Amino acid sequence: MAAEIAVVVNGVRSVVPTGTRAREVIGDRSAVAARINGKLSDLDCVLEAEATVEAVGPESDAGLEVIRHSTAHLLAQAVQSLFPGTQVTIGPTIADGFYYDFAPPRPFTSEDLPEIEKKMRQLAKANLKIERSEMAREAAIALFERMGEHYKVEILQGIPEARVSLYRQGEWMDLCRGPHVPSTGYLRAFKLTSVAGAYWRGDEHNAMLSRIYGTAFATKEALDEHLRLVELARQRDHRRLGREMGLYFFDAIAPGQPFYLPKGIVIFNNLIDYIRRLYRRYGFDEVVTPQLYRNELWHQSGHWENFRENMFLAADPEAATATIDTGAEGWRTGYGVKPMNCPGHTFVYRAEKRSYRDLPLRFAEFSRLHRAERSGVLHGLTRARVMSQDDAHIFCTEAQIEDEVAMNLAMVREVYATLGFAQVEFKLATMPDAHLGSVEQWRMSEGKLAAALKRNGVEFEENPKEGAFYGPKIEIYVPDALKRRWQAATIQLDYNLPERFDLSYTASSGSEERPVMIHRAILGSVERFIGVLLEHTGGILPFWLAPEQVRVLSLSEKVEAYAAEVAALLRADGFRASADLRNEKLGFKVREGELAKVPYMVVVGEREAAARSVAIRLLRGEKNQSASLEELRARLKSEPLPG
RNA sequence: GCCGAUGUAGCUCAGUCGGUAGAGCAACUGACUUGUAAUCAGUAGGUCGCGAGUUCGACUCUCGCCAUCGGCUCCA
């Protein structure tokens with residue numbers, strides 16, 4: 001081995017003795033880790049050959065990740081010292097922090113967090129050195145076996161490498177790939193945020209572990225700023241906005257189902273009207289099919305087998321035995337409320353003899369769908385038990401698939417751009433392990449979806465094995481205020497349903513062929529979309545969607561009649577206008593208008609009444625533009641209506 | 001469904017050791033006649049989520065159920 005090696009540190013070349021540690025060649029004392037030949041490593045990593053070394057600062061993405069990962073270890077150390085008998089499992093970093101899953105004698109509660117956090121601070125203050133070591137995998141298994149860490153043993157048994165790395169800080173140690181900060185003193189700004197249950201390895205058949213979430217930053221200031229932003233995001237929660245803006249509410253009498261108030265349904269209806277206008281342009285035909293079907297339908301469609309747990313079922317009161325699922329033929333007497341429109345649409349398809357000249361056929365429907373969601377998953381409008389989708393089923397030939405998917409993607413892009421969603425995530429969900437059809441057919445359909453995506457020039461990632469069992473799909477995700485991702489739009493290929501319902505069309509050759517079905521929704525669930533849209537906009541909706549578009553504020557009793565006349569005039573023009581004639585000061589009325597997020601406030605006092613004019617105040621305080629009544633009406637009429 | 005937490009007036013929340021409840025906003029009434037994010041005063045409003053149990057006595061302690069919140073699993 002050479003006595004000296006050449007290193008390039010942050011772009012500067014030098015020669016150091018072999019065995020020098022990365023920390024020694026990096027001058028920067030604030031560094032939390034090193035990048036050696038591009039690989040993230042500990043600062044104590046020994047340099048044994050020529051290397052390029054870069055400092056990883058605490059504020060960089062990689063540095064933050066190291067800090068968070070090390071903080072997760074600190075958490076585990078604190079927990080094991082406070083709660084003997086607790087086993088550790090895994091503790092990864094996540095988008096804004098980290099978590100650690102434990103198997104404790106009793107589950108943790110949020111009341112345990114302050115004590116754990118206090119212990120973490122003590123351990124951080126002790127500035128324990130964090131040391132890496134390696135050992136043979138078998139030796140590590142024996143070691144953790146002795147320590148009673150059965151989950152770690154299970155993890156080790158799944159690791160292919162012969163040698164594994166361990167990290168020790170003080171008396172405590174953990175199996176870990178690293179890297180970590182050099183000592184616990186580097187961890188200064190962290191906070192434990194919540195506790196939750198989580199299944200071991202994410203499988204609900206496994207044991208329920210106790211998970212603790214936390215976050216960590218390079219500085220106290222960055223941590224405080226993050227906590228402040230989280231708090232601001234909470235105020236955008238659509239459940240809060242829905243109540244504050246008087247849009248909808250929920251009641252225990254109908255779990256998971258919104259009561260839309262007059263203002264809320266305005267948003268709902270205008271979104272649907274917008275999609276309807278697009279349907280005229282894109283060539284869709286709207287239909288309405290039944291809500292309640294004999295269970296025979298669900299047997300034929302496969303929903304009985306695959307979706308029954310999520311369906312609301314009802315007995316037939318006229319049946320001799322009014323049961324739902326008892327006895328061999330019991331199901332025939334029952335009904336099921338539709339959770340999807342697709343089976344109904346196959347009946348629309350079958351209503352006539354179809355030929356290749358008819359295709360593609362595009363049937364759209366906005367009917368309400370009901371799904372018996374498990375109680376723990378409900379989440380305001382974004383996860384409800386009733387929803388209306390801007391649903392459509394396209395029946396086409398194999399050769400038409402790519403064009404159809406590309407056309408629907410264009411529609412998706414138009415809608416999301418119009419509604420102001422700049423960062424939409426596209427995913428291509430591919431063949432799952434349990435699937436119908438041949439691998440070749442799957443790869444071909446996936447290729448068609450990918451080609452349609454590329455034709456639209458959108459970036460997308462694969463979502464491996466996440467396709468439906470009957471075909472691949474394109475999923476479109478949008479984030480809520482807390483950056484949780486919700487699936488909105490979807491485009492799915494389906495070879496199964498046409499088969500089950502024996503659909504066919506006459507080809508030009510005269511032979512009977514099987515059409516392909518494409519399920520697609522642009523907004524997805526209109527409920528979910530409204531929820532995400534409210535969080536995205538903070539409730540400040542575009543003019544065409546605003547429940548109340550104009551509010552006329554009267555300055556005193558003397559101008560009551562004029563204010564009412566202005567509002568009536570605007571209503572006659574078709575605007576959603578109201579007048580606030582209450583005996584209150586202007587400042588109070590303006591405040592309420594702001595809180596209600598009315599885009600136009602129109603102030604009228606004696607000056608305006610005399611001149612038959614108004615003072616326009618836009619939302620967010622852009623104020624005081626005097627205008628004649630005609631100017632106001634012209635201005636409102638120039639507000640764009642999309643589609 | 002699972003883990004943890006929460007549930008008090010329309011909304012947001014206090015309520016100590018077990019002795020049958022309080023504020024602000026909203027509502028209603030009145031005064032004020034208002035110029036761009038909260039005028040003042042008064043009045044009314046509660047089976048303390050629901051049901052059992054312990055106790056002389058339960059908003060408070062115990063159990064069950066329901067709903068909600070944060071996660072997990074599932075999913076649009």
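Since we're looking at a predicted model, the values are computed, not measured. Every chain is numbered from 1 and lettered A, B, ... according to where its sequence line falls, protein lines coming before strand lines.
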Plane angle bin for [Y] and [X] - parallel if under 30°, tilted between 30 and 60°, otherwise perpendicular:
| X | Y | value |
| --- | --- | --- |
| A/Phe249 | A/Phe259 | parallel |
| A/Phe250 | A/Tyr248 | perpendicular |
| A/His379 | A/His238 | tilted |

Pairing string, 5' to 3', for RNA chain B - Watson-Crick or wobble contacts under 3.5 Å, brackets [ ] where pairs cross, | to another strand: (((((((..((((.....[..)))).(((((.......))))).....(((((..]....))))))))))))....

Short side-chain to backbone donor-acceptor contact, A/Arg371 and A/Pro339, under 3.5 Å: yes

C1' atoms of B/rA14 and B/rG46, separation to the nearest Å: 15 Å

A/Lys589 and A/Ser554: side chain donor to acceptor below 3.5 Å: yes

Rounded distance in Å - CD (A/Glu204) to C1' (B/rG71): 14 Å

Of the listed nucleotides B/rA5, B/rC72, B/rU36, the one nearest the side chain of A/Arg211: B/rC72

A/Asp237 side chain, from C-beta outward: closest of B/rG70, B/rG35, B/rC74: B/rG70

Counting the atoms with a prime plus P, OP1 and OP2 as sugar-phosphate, which does [X] contact under 4.0 Å by heavy atoms, base, sugar-phosphate, or nothing?
| X | result |
| --- | --- |
| A/Gly202 | sugar-phosphate |
| A/Glu608 | base |
| A/Ala521 | nothing |

A/Glu305, CD: over 12 other non-hydrogen atoms inside 6.0 angstrom: no

